[in-house]
Each structure stands twice: as C-alpha cells, then as structure tokens.
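Worksheet: one structure, shown below.
Reckoned from all heavy atoms, side chains included, excluding hydrogens, waters and symmetry mates. Letters go in sequence order (proteins before strands), and every chain restarts at 1.
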Amino acid sequence: MSKYDFKKIENHWREEWDRQGLHATNDDPTRKKFFILDMFPYPSGNGLHVGHVEGYTATDIMARKRRMEGWSVLHPMGWDAFGLPAENYAIKTGTPPRQSTEGNIANFTRQLRTLGFSYDWSREINTSEPAYYRWTQWLFLFLYKKGLAYKKKSPVNWCGSCQTVLANEQVVQGECERCGSEVEQKNLTQWFLRVTEYADRLLDGLDGLDWPERIKAMQVNWIGRSEGINIHFALEGTNKTLSTYTTRCDTIHSVTFLVIAPEHPLVEELIEGTEQENEVRRVVAQIKKQTEIERTSDTGKDKIGAFTGRYAINPVSGERIPVWVANFVLMYGTGVVMADAHDRRDFEFARKYDLPLKFVISEDGQPTDATKAKEAFTDDGILFGSGQWDGRNNREALPEMTAWIEEYGWGTRTVNYHLRDWLVSRQRYWGAPIPILYCDKCGELPVPEDQLPVLLPEDVDFRPTGESPLARSVSFHDVKCPECGGPARRESDTMDTFVDSSWYFLRFCSPHEGEHPFSVHDVAHWAPVDLYVGGAEHAVLHLLYARFFTKVLYDHGLVSFDEPFLKLMNPGTVLGENSEKMSKSRGNVVNPDDVAAEYGVDALRLYEMFMGEFSDVKPWDTKGIKGVSRFLDKVWLTVHDVLHEPRPAADESLERLLHKTIRKVSEDIEAFKFNTAISALMIFINEWSSVNKTGDRETAGTFLKLLAPFAPFLAEELWRSLGNEQSIFLESWPKWDEDRCRDEVVTLIVQVDGKMRDRLIAAADTDNERLKAMALSSDAVRRAIGERSVVKIIIVAGRLVNVVTE
RNA sequence: GCCCGGAUGGUGGAAUGGUAUACACGGAGGACUUAAAAUCCUCUGGCCGCAAGGCCUUGCCGGUUCGAGUCCGGCUCCGGGUACCA
C-alpha cells in the first residue's frame, strides 16, 4: 500500500482534466504537427490486457512530452468493432452483436480513461457504426470502379468452424487464425481486391520506412517476388506446350521429367484417352481430398503422383521426358515445374516412383552419377553435361543462360509473386455489407452512392449455415434495380474487418466529416501517421492492406502521400509470471484493473515501462511493481519535505545531476528507451532523498515535469501542491544546459595494458601531461608496470589513462 | 530449409570501442518496534586470501585494437516469422 491515497488523486485529476478539456486536439497550423497512433483495439469481452497497456502507455508518454514541447498532437482512439467474436458470442447467448459490442466498448473506454491516457475522445470512431461503414462501403465501390475489386470463382480457404472463407493472410500454418480449426480448400465465387497490382510498389516503398527490420522482412517474404523464366516444353504428339516456371534454368540439362499441378486446367486434356486416364483421375481425387496440412507436409514419403501417359520435349536438349501429376506441385507460377536431381523435392519424388535422375552440377565439375546418389545436390558448383556451359560456375552462368534460353525462343523471362489478391468477402453477419446489387436483367451493379450506407439489418438470424446470414433476411433483399427498376437482390456477404481498418487512420483526421470518407484538407494537415505503435502480428495483414489502400488513394489524388505510417514500433509480448504466454487456460493472465486498484495507475504505467526494452518479450513480475511503487512513495515524501521544511537553495551537485537527468530522460523517451529513462529518475530521487542533498521548489518542479508523462496523476498532484495554479501538462518541457551536465571534478580510471589498476580524481580541465604524471605516480600502477618499460600512454578525456608497456 | 532477433549476476535488465553487472527485484545482516508490516542503513558476480590484495567472468572458438559485452570471421543453443513458392 502506498504512502498516499492514489485513488483519490486519480479520480480528482481525471475529472479536472476532463472539465478543462486538457486532451483536446490543438490543431494550431503554426505549430509542428505530430500524429501519434495506437493500433485501435478489437473491443473483446475480456477487456484490456497488460499488452495493450504497454503500447498505449508508450504513446501516451510520447504524446504528453510532445504537447509540452509545443507541438500540436493528434492522439485519437477508436474501435475495430466488427468481427467474429461478437458474432460467435451472439450465437452462443442470443445477445445481438451490436449490444455486446456496445457493452465491451463501454468497458474498454472505462479502462482507458482510468489509466489516464490522453486521448481526444471527441474523435472516437467505431467501425461498426453506419456513419463509419458507409465510407468503408464507399471505398469498396471506389476500388470497384477503378477495377481493383472483382468477383471470381477460385479455390479459396474455408474455415468449417467459422463457416466463412478466409484471406491467405488469415491462414496460419494451415489453420484458421481466429479459431485454430483446420482450413480446407473450396471452389467458390468470392470478392477480391487486386493487391497484386501493387506488389512491386508495396515492396519498393518499404525502403523509405522507419520500421523494424523484421516487419519489413516479413512483408518482403510475403510479397515473395522472384525473378525467373517460363520455359516452354512441347507436348509430344500435340501442338500444345507446357510452360514451366523456374528460377534455376542453369539445371535445364538435368531435367528428366515434368510435374503438373492436379488443379491445372490442362490435366483433363492431357489424360483424355490415355491408358493412364483412370489412374490419374484416382490420384487427383485422392490429392483433392487431402487437407492443406497433409498436402504440404514436407516429407518425401507423403509425395504422391501419377504418370499422365504423355511426354514432353526438353527444348534445349531435345530429350523426351515423361509428364507426371503430383500433390507437391501447386497452382503457383505456371502450375508446372521442370524436375531434376538438383531439387530436393523432385529428387524425393523421383526416388519414390523410380523416375530417372541425372546431375549437371558438382563441386569441382567432375561428372557425378545421380542414379547412385542418396540425396539431391542442391549446392552451387561447376556445370558439366551442359554443352557450351560446361566448366562454368552455375550461379555465374545463370543470368547468361537465361538470356540464351530467351534468345532461342525456348522461354520468356518472368517475375513471380507469392502475394495473392486479397479475398475480402465473408459469409458472416457482423461486418460491413458489400454494396453490390444483382439484377436479373442488368447483372452486377454497384449500389448508387446516395443510397449508402447499405445498413446491416438488425432483425436477422445470424446463426451461420455456410451462406451469409444476410441471405435469409427478406427485408434486406427487398430492393429495386437502380438501372431498370425491376427486382434486384443484394450481395449478402460482408467485408473482412481488415477492410475497415485499412483506412481508419485517415478517418481520425476528420472523424465527423459527413460528405466524404475524410476531409482532404484535414488529412493533408495531419497525415501520414508520424508514429504508429502496435503488435507485430499485423505485419502481413493490416500493415500491408493499409499500405495498399494508401497507394490506391494516392494514385487517384485523394491523398498526397503513398505510405501511411512513417515510423512503426512493436511492443514486445508481455508474458505471464511463469514466462509463458498469458492465457486463460494457463491461469496466468494479469488484469490491469486489478493492478491499478492495488498499486495505482501511475505504478502500473511506470512498471510496464520499466520491465525492459519496449520491443522485447518480457515476463510480468508482480514484485517488480512494488519497486516502482516504492519509488513513487519516495517522490511523494521527498517533494513534501520541500514543502514542509523549505531550504534555502538547491545543492550544486544535485543541480548538475538534474541537468543530466533532463538530458537522459528527454533523449530516452525519443528513443523509446523508457526503462532507462525511469532508471534515471530513480537515480535522481535516490540522490535527492539521501541525507546530505537539498533541493528547492525549482528542483521539485523540474523533476515533476520529467515524471509527468510517466506518472501523470502523482506529478499533477504534487505540482499543484507546490502552489501552481495551472496543470503541469500546460508547462514547457524542461531544457538542459550542456555546460551544467559536465562535472567539474572527474574520476578517471587508470589502466595498465588495458587492465584497470587504479582511479584518480582530477579537475575536468587537468592537462594530459599532468594526468600522465598522476597516473605514473600511483602505487598500484607502478606495481602493475613492474620491470617493463612504458611504450606510450593513451588518454581519453574525462574517462581514462591507459599506460601501455612493451 | 530460408529470413529476422537473442544469449550479460539468484531474477528482470544497464552499458557512444573506454570502470561490465547501472536501475529494480530477491537475499543476508543491522536500526526502529512488545512483535509484525512498513521504513531506513550496510553488504550482495565467482574463486583464492586473516587481510592487503590477486586471479577469473558477458553462450563457444579465433581475429582486429593500447583497450572488445560492443567490431570482424567461424560455430552452439534459444525465441519469432515463413515455406513443398520450383
């Protein structure tokens, strides 16, 4: 328990700050602007967890410091309120999603206000409100009209438990990101956004961003750009060719068979009328029954396939090679691969089905025999059996071979991407309806803009059946075609919630704009986001989609920048006390409400920032909160001492330490090194409260300003008790004097051959000759030198003297 | 496999190439107290030594440097991401 009544202080200042409108956005155009944003939360039934608090405290500290430095700061909060959990909860309990979501938002709001975060609540947004999703729908239509939203039948990911399709980005190792059920493939007609059109720009744009390298790397990998060549193999006995995509055309002379994906449209044509027809059909059916996990399990024995009965001609060597169909080849690239002994997968498959294999690369260029090899040779080396290329290093020859193949017309250079178009339709209720109509006469039509929003009907049975719950709502579908006036039917799918969050940061600039999704003027003032803080789990989801949206809007002149988030920081995961991930089942979840009630909000905030480096994974330690709680008590007592026993003037050495502390705290906040900033505050208060140091009201005031962003309630309370009329947050951030950060007397270490032997105390301006003499006169130094002679003496100003011997 | 990180006391963690272990937790001892809690003070990397002092220590092996936790090369282990991507 604390020395002071934090509950009372917290409640008082929370009300007072609200009354004064202290956190209202100052949009004075003459000030420098700072848009600092947290990834807005999904308001779940569990409420805020300590991981949220970590990120939100960091941005709050930053925002408060920036305001005190005179910037105009936009620091808003809102709700990513559409989504599956509310709907699943509705299915279980019958509570409509809108109702449970409202309750959850009320709870989140209470928690965020309790924790003293300085959000401008007048700018709150909620993606599930018509005033917001009207513009999500508008933006969908915008993409549609620009040819970037389209409907297509294709194999898609289907989660049987959630009864909906999922985007590629939402499938994590073959499982549904949300519920963990196994994802199956279905052939369905769905809506897509043409992200692939922006693949190169999404890749190139990463260079200029101040983002963690690993997030950039994840996006690079996800986009998966590879440069290769499509090599065309003539099919024997037909006038058709099979195109294979490869990044390794240096192995062209070792190709001994082709493998085609079971989904490839040419498979039917290939096998029709062949002896193998039935066998191939049987194997293809078997593969299609495999789940994603079985299909992609990376072990040789799980590879299955069948000979199509067809042969192709290697255009380079003229060799006749069999064409197989197999599960390990996906409809990626051209859906056909040239197979050889230099690829592990091809090699394993060939061994299982006794297909021929040969090598064309070895370590030294001496021919090697693949028929006896135990495994594929995947290293680089020297080519053999490759005609004019023999004796060349395969990597070095690769570009020339590519050009050569292209020159002879055997292939075409191609760039491939792993990135697929973004599947955005969902067969669920709790989302923004896709604003499209279907008329028997006029076909597929966008809902006219003046008819937006397409409201979510409230009288719906939202239990999932595999088709959208909206499909069963009669009122929802009772519409007329805007073209011919005849009966029309609405699209009954809703949008992926990641569409909602792809533009919300723009909405924050003008949250009450009624005529447009956002005010171009306000967005020009505030955006892009200067500092964005949120979890790394969104690396290839939200962060990629928001970049895509921004680039589209940029291309059509709606915004003047093409990257939404200039700087990104990821809070590290907060683990449970046992260093395991926090989860209900492990029973190690820490509830911020409980901590705030027991130790106070300031202690909770301070502790979360003190645990360790912001972006590192770190375990919760309840004992650690006691430490910061003691620190706050000490601040309370020390400042109160100033009040009760006013002393004449501050101690000179304490003043010097204060300047160093201002510098340290200021620089550390900028660098997101909150743990060491707090450590500096602790060092200062320890020094101050030690018996022989005195500080005055000036000292106290400056110290409190440094503490204020971290522990706003205590700092404000003490600031006022020093006799100040207005809020500490309206004060200027303290400045340090570089001269006063310098000590007059310094302690230098004396080394002999780099080993510390003694230390000497000298005036800071002592010249080098004098320092050398002082060092050499030390007993410890003389002992260490012994009989050896001194070769040179290195002096690092203010730090050390190193005596180097022979 | 590939791509990112990381490895420092009993614990969480500090260290622009310059006193390794700041700050905090925990522990030991002491003060106050009838007692406990709270608070305050002292000590707290390892080994040798009565002491003075000495030696060792940032996952492992080398290198660069007057000087390396930090830079370079080669490993080991751990965490995260990702993958039959041809």
Out of [options], which nucleotide sits closest to the side chain of [X]?
{"X": "A:Asn686", "options": "B:rC3, B:rU16, B:rA24", "result": "B:rA24"}
{"X": "A:Arg799", "options": "B:rC40, B:rG18, B:rC66", "result": "B:rG18"}
{"X": "A:Val337", "options": "B:rG53, B:rA86, B:rC84", "result": "B:rA86"}
{"X": "A:Trp222", "options": "B:rU19, B:rC23, B:rU82", "result": "B:rU82"}
{"X": "A:Val329", "options": "B:rA86, B:rG13, B:rC23", "result": "B:rA86"}
{"X": "A:Leu800", "options": "B:rC23, B:rG18, B:rG13", "result": "B:rG18"}
{"X": "A:Met682", "options": "B:rA22, B:rA86, B:rA24", "result": "B:rA24"}

Find the partner of [N]: check Watson-Crick (N1-N3 plus N6-O4 or O6-N4) and G-U wobble (N1-O2, O6-N3) distances, both under 3.5 Å, and reply none if neither fits.
{"N": "B:rA35", "result": "none"}
{"N": "B:rG17", "result": "none"}
{"N": "B:rG73", "result": "B:rC61"}
{"N": "B:rU82", "result": "B:rG1"}
{"N": "B:rU42", "result": "B:rA28"}
{"N": "B:rC50", "result": "none"}
{"N": "B:rC23", "result": "B:rG12"}

Is atom CD of A:Glu375 surrounded by more than 12 heavy atoms (other residues, nucleotides or ligands) closer than 6.0 Å?
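For A:Glu375, atom CD is not crowded (no more than 12 foreign heavy atoms under 6.0 Å).
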Separation between the [atom1] atoms of [N] and [M], rounded to whole Å:
{"N": "B:rA51", "M": "B:rC61", "atom1": "P", "value": "31 Å"}
{"N": "B:rA52", "M": "B:rC48", "atom1": "C1'", "value": "14 Å"}
{"N": "B:rC50", "M": "B:rG63", "atom1": "P", "value": "37 Å"}
{"N": "B:rG74", "M": "B:rG26", "atom1": "C1'", "value": "39 Å"}
{"N": "B:rA28", "M": "B:rU82", "atom1": "C1'", "value": "50 Å"}
{"N": "B:rG17", "M": "B:rG69", "atom1": "C1'", "value": "11 Å"}
{"N": "B:rG13", "M": "B:rU21", "atom1": "C1'", "value": "10 Å"}
{"N": "B:rG18", "M": "B:rC40", "atom1": "P", "value": "34 Å"}

Heavy atoms under 4.0 Å, any strand shown: does [X] hit a base, just sugar-phosphate, or nothing?
{"X": "A:Asp616", "answer": "nothing"}
{"X": "A:Phe610", "answer": "base"}
{"X": "A:Val617", "answer": "sugar-phosphate"}
{"X": "A:Val804", "answer": "sugar-phosphate"}
{"X": "A:Ile794", "answer": "base"}
{"X": "A:Lys581", "answer": "nothing"}

Would you call [X]-[Y] a salt bridge at under 4.0 Å N-O?
{"X": "A:Asp200", "Y": "A:Arg225", "value": "yes"}
{"X": "A:Glu769", "Y": "A:Lys772", "value": "yes"}
{"X": "A:Lys755", "Y": "A:Asp753", "value": "no"}
{"X": "A:Asp779", "Y": "A:Arg782", "value": "yes"}

Is it the case that [N] (base atoms only) and [X] (side chain only) share a donor and an acceptor within less than 3.5 Å, ignoring hydrogens and angles?
{"X": "A:Arg214", "N": "B:rU82", "result": "no"}
{"X": "A:Lys303", "N": "B:rC84", "result": "yes"}
{"X": "A:Glu613", "N": "B:rG13", "result": "no"}

4.5 Å side-chain heavy-atom contact, A:Leu748 and A:Leu800:
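A:Leu748 does not reach A:Leu800 side chain to side chain.
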B:rG9 glycosidic torsion: syn (within 90° of 0) vs anti:
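For B:rG9, whose glycosidic angle is within 90° of 0, the conformation is syn.
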Could you check whether A:Phe674 and A:Phe672 have their ring centres less than 6.0 Å apart?
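They qualify: ring centres under 6.0 Å apart.
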Check for me whether the distance between the ring centres of A:Phe257 and A:Trp324 falls short of 6.0 Å.
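Not close enough - the centres of the two rings lie 6.0 Å or further apart.
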Calculate the interatomic distance between [X] atom [atom1] and [N] atom [atom2]; express it in whole Å.
{"X": "A:Met756", "N": "B:rU19", "atom1": "CE", "atom2": "P", "answer": "9 Å"}
{"X": "A:Lys673", "N": "B:rA15", "atom1": "NZ", "atom2": "C1'", "answer": "9 Å"}
{"X": "A:Ile215", "N": "B:rG5", "atom1": "CD1", "atom2": "C1'", "answer": "12 Å"}
{"X": "A:Arg344", "N": "B:rG1", "atom1": "CZ", "atom2": "P", "answer": "10 Å"}
{"X": "A:Asp758", "N": "B:rA52", "atom1": "CG", "atom2": "C1'", "answer": "14 Å"}
{"X": "A:Met331", "N": "B:rC84", "atom1": "CE", "atom2": "P", "answer": "16 Å"}
{"X": "A:Arg630", "N": "B:rC23", "atom1": "CZ", "atom2": "C1'", "answer": "14 Å"}
{"X": "A:Asn221", "N": "B:rG80", "atom1": "CG", "atom2": "C1'", "answer": "13 Å"}

Under the side-chain contact (heavy atoms from CB on, under 4.5 Å) test, residues paired with A:Leu657 that sit two or more places apart
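Per chain and number, A:Leu657 pairs via side-chain contact (heavy atoms from CB on, under 4.5 Å) with A:Thr661, A:Phe684, A:Glu687.
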Is [X] near enough to [N] that one of its side-chain N or O atoms lies under 4.0 angstrom from OP1 or OP2?
{"X": "A:Lys216", "N": "B:rG5", "answer": "no"}
{"X": "A:Arg757", "N": "B:rC55", "answer": "yes"}
{"X": "A:Asn675", "N": "B:rG12", "answer": "no"}

Pick the closest RNA chain B nucleotide for A:Tyr417 and for A:Pro619 by heavy atoms, then say which residue is nearer the 5' end.
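Nearest-nucleotide comparison on RNA chain B picks A:Pro619.
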When the nearest nucleotide of RNA chain B is assigned to A:Gly627 and to A:Thr247 on a heavy-atom basis, which residue is associated with the more 5' position?
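Checking each residue's closest nucleotide, the 5'-ward one belongs to A:Gly627.
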